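The chains referred to below are lettered A, B, ... by the order of the sequence lines, with proteins before strands, and numbering in each begins at 1. Given the structure is predicted, the values throughout are model-derived calculations rather than measurements.
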There are 2 protein chains.
Amino acid sequence: MDVKTLCLGILTFGDATGYEIRGYFEDGPFSHFFQAGFGSIYPALNKALGEGLVTCRAESQDGRPDKKIYALTPSGREHLTDDLSHVPADDKIRSEFLVTLFFAPYVSPQHLEDVYDLYLADFERNIEKMKNLTGGDIPGGVSGDIPAGQAFVREFGMHFYQSIGEFLRDNRARFIAGVEAGRSPKADPVQGGGA
Amino acid sequence: MDVKTLCLGILTFGDATGYEIRGYFEDGPFSHFFQAGFGSIYPALNKALGEGLVTCRAESQDGRPDKKIYALTPSGREHLTDDLSHVPADDKIRSEFLVTLFFAPYVSPQHLEDVYDLYLADFERNIEKMKNLTGGDIPGGVSGDIPAGQAFVREFGMHFYQSIGEFLRDNRARFIAGVEAGRSPKADPVQGGGA
DNA sequence: TTCGATATATATCAATTCGATATATATAAT
DNA sequence: ATTATATATATCGAATTGATATATATCGAA
């Protein structure tokens with residue numbers, strides 16, 4: 001499953017431009033479980049076009065580059081169902097935040113607290129973002145009557161942010177104290193008040 | 001923050017080969033928040049060697065290729081602390097599982113249940129894996145006295161698997177029923193009992 | 001009012017990462 | 001006897017990331 005397949009899936013909701021497709025990843029319903037930017041979306045659409053999975057019509061605009069509106073072909077729809085019939089690969093998670101905490105002795109106390117609080121703030125922001133993400137925000141979606149799969153994925157995201165956010169709040173003080181207690185004055189990678 | 005930095009971090013626990021480093025990602029303490037395979041680790045070590053961040057000594061073996069044992073240099077340690085002093089990038093998550101659920105109408109009922117149950121089984125397996133992951137399993141780590149940062153990251157992982165696992169179990173029936181209720185007999189992307 | 005930020009829209013490119021494959025042998029399990 | 005797993009390194013094409021380039025319009029702040 002690659003970005004191309006995701007684009008085909010998004011096109012089942014209706015014709016769209018590459019720019020609009022990015023919206024699904026940026027702040028849209030995919031943002032909490034799949035990331036993709038222009039650098040992967042545009043090549044994916046071009047490849048799909050070459051394979052006959054989508055069609056493309058251009059629409060002139062003033063000033064801006066022509067809009068290229070993509071539409072799913074029957075072959076593209078078939079490719080999507082084929083791909084979805086495979087067992088999905090394991091989740092891939094990359095958290096630089098947890099890397100930083102793992103190597104806490106090499107980070108200054110101040111930076112460690114900053115990093116923790118910025119991460120927590122991200123969680124609060126993501127919860128708000130998801131709350132406002134209903135059917136109406138899904139271009140081509142059905143307003144107020146979200147299909148079960150989409151609703152479940154959204155609830156999954158809400159639960160994730162709320163549960164992990166709570167864990168982060170509950171354990172902040174204990175974590176910071178534990179790291180500081182572990183810093184021995186000598187042979188310490190980072191000096192107590194240093195950079 | 002890239003795989004090279006992660007390798008430097010791992011080398012703070014002691015000298016190691018590329019093969020041993022991979023163990024940290026494969027089943028070790030990084031497995032739930034950072035993935036890296038040989039294809040990124042070996043090039044990363046070579047690059048680090050070229051930049052003087054690590055040294056390398058070869059050790060002959062019978063049959064197998066020579067062991068190449070890497071050791072952190074002061075410059076490498078400095079590179080690590082520099083990198084850790086930056087604000088970490090946002091978490092990147094890629095879940096093909098959630099993509100499959102999102103596009104549930106394009107998946108056969110049987111496959112959908114299989115996918116769900118396989119994913120749940122992965123969670124149970126990961127919880128067991130993390131339970132057995134103590135200081136002693138961290139090469140060079142201190143047995144029975146895990147540093148606070150490492151302990152926190154492990155607890156984070158445990159909490160994640162337990163909380164999300166519970167959500168998945170609690171909502172399985174409702175999700176499956178919701179998807180099936182949403183399948184209209186006509187204009188249905190996938191026939192009820194089909195492929 | 002002018003400056004910077006944001007939004008609209010596409011495209012490309014170097015660097016990084018992924019996933020598979022290749023090469024060998026030993027041992028453990030079926 | 002055969003298959004799978006473990007030890008160990010290396011490479012390569014394909015996919016992805018993150019930054020940059022190109023234009024214009026608008027909107028808010030200084």
Side-chain angles (χ1 to χ4, degrees), chain A residues 1-7 15-28 30-31 34-51 54 56-70 83 86-94 96 99 139, chain B residues 1-7 15-28 30-31 34-51 54 56-70 83 86-94 96 99 139:
Chain A
M1 191 183 294
D2 52 16
V3 173
K4 190 179 73 183
T5 300
L6 268 287
C7 290
D15 301 353
T17 66
Y19 186 83
E20 285 164 347
I21 287 174
R22 196 201 49 150
Y24 280 82
F25 298 101
E26 187 70 3
D27 286 308
F30 291 77
S31 59
F34 208 103
Q35 287 84 45
F38 292 133
S40 49
I41 292 169
Y42 285 128
L45 286 171
N46 265 317
K47 202 177 178 198
L49 188 62
E51 293 168 351
V54 299
C56 175
R57 66 196 145 90
E59 207 166 81
S60 288
Q61 291 192 122
D62 47 330
R64 279 182 263 286
D66 287 1
K67 247 187 201 173
K68 295 171 86 170
I69 302 165
Y70 293 90
D83 212 347
H86 297 140
V87 173
D90 286 345
D91 288 358
K92 256 161 280 171
I93 301 176
R94 167 166 299 203
E96 297 193 0
V99 173
Chain B
M1 191 182 291
D2 52 17
V3 173
K4 189 178 72 182
T5 300
L6 270 286
C7 290
D15 301 352
T17 66
Y19 186 83
E20 284 164 349
I21 287 174
R22 197 201 47 150
Y24 280 81
F25 299 102
E26 187 70 4
D27 285 310
F30 290 78
S31 59
F34 208 102
Q35 286 83 46
F38 292 131
S40 50
I41 292 170
Y42 285 127
L45 287 171
N46 265 315
K47 201 176 178 197
L49 188 62
E51 292 168 351
V54 299
C56 176
R57 65 193 145 90
E59 207 165 81
S60 288
Q61 292 194 121
D62 48 331
R64 279 181 264 285
D66 286 3
K67 247 187 201 176
K68 295 171 87 170
I69 302 165
Y70 292 91
D83 211 346
H86 297 138
V87 173
D90 286 345
D91 288 358
K92 255 160 281 168
I93 300 176
R94 166 165 299 204
E96 297 192 1
V99 172

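Using a 4.5 Å cut-off on side-chain heavy atoms (C-beta onward), Glu20(B) and Ile69(B) make no contact.
Between Glu96(B) and Ala89(A) the shortest heavy-atom distance is OE1-N, 2.9 Å. Residue Phe38(B) comes nearest to Gly18(B) through the heavy atom pair CE2-O, 4.4 Å, listed as atom of the first residue, atom of the second, then distance. The two residues Asp66(B) and Ser60(B) make their nearest non-hydrogen contact at OD1-CA, 3.6 Å. Across all their heavy atoms, Arg94(B) and Gln35(A) have their closest contact at NH2-O, 3.7 Å. Here the closest non-hydrogen pair linking Ala36(B) and Ile41(B) is O-CD1, 3.9 Å.
Spacing between atom CD of Glu26(A) and atom P of dT6(C) amounts to 12 Å, rounded to whole angstrom units. The nearest whole Å value for the distance from the CZ atom in Arg22(A) to the C1' atom in dA9(C) is 10 Å. Note: CG (Asn46(B)) to P (dA10(D)) measures 6 Å, nearest angstrom. Atom CG of Asp66(B) and atom C1' of dA10(D) are 13 Å apart (whole Å). One interatomic measurement links the two molecules: CD1 of Ile69(A) to C1' of dT8(C), which rounds to 13 Å at whole-angstrom precision. Spacing between atom CG of Leu45(B) and atom C1' of dT17(C) amounts to 15 Å, rounded to whole angstrom units. Atom pair Ile93(A):CD1 and dC18(C):P shows a separation of 13 Å (rounding to whole Å applied). The nearest whole Å value for the distance from the CG atom in Asp15(A) to the P atom in dA9(C) is 15 Å.
Neither OP1 nor OP2 of dT9(D) sits under 4.0 Å from any side-chain N or O of Tyr19(B). For Lys68(B) and dT9(D), the shortest distance from a side-chain N or O to OP1 or OP2 is not below 4.0 Å. Distances shorter than 4.0 Å separate none of the side-chain N or O atoms of Tyr42(A) from OP1 or OP2 on dA11(C).
The cationic group of Arg22(B) does not satisfy the cation-pi geometry with Phe25(B), failing either the under 6.0 Å distance to the six-membered ring centre or the 45° limit from the ring axis.
Of the possible polar contacts, none joining the Glu26(A) side chain to the Ser31(A) backbone as a donor-acceptor pair under 3.5 Å is found.
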Query - Footprint string (nucleotides 12-17 of chain D, 5' to 3'): B base within contact, S backbone only, - free, heavy atoms under 4.0 Å - result: ---SSB
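Positionally, the nearest nucleotide of DNA chain D for Gly18(B) lies more toward the 5' end than for the other of Ala89(B) and Gly18(B).
Under the salt bridge (charged side-chain N to carboxylate O under 4.0 Å, His left out) criterion, Asp15(B) pairs with Arg57(B), sequence neighbours left out.
Direction of the helix axis in the helix from dT1(C)-dA30(D) to dT30(C)-dA1(D) shifts by 50° between the two five-pair termini, rounded to 10°.
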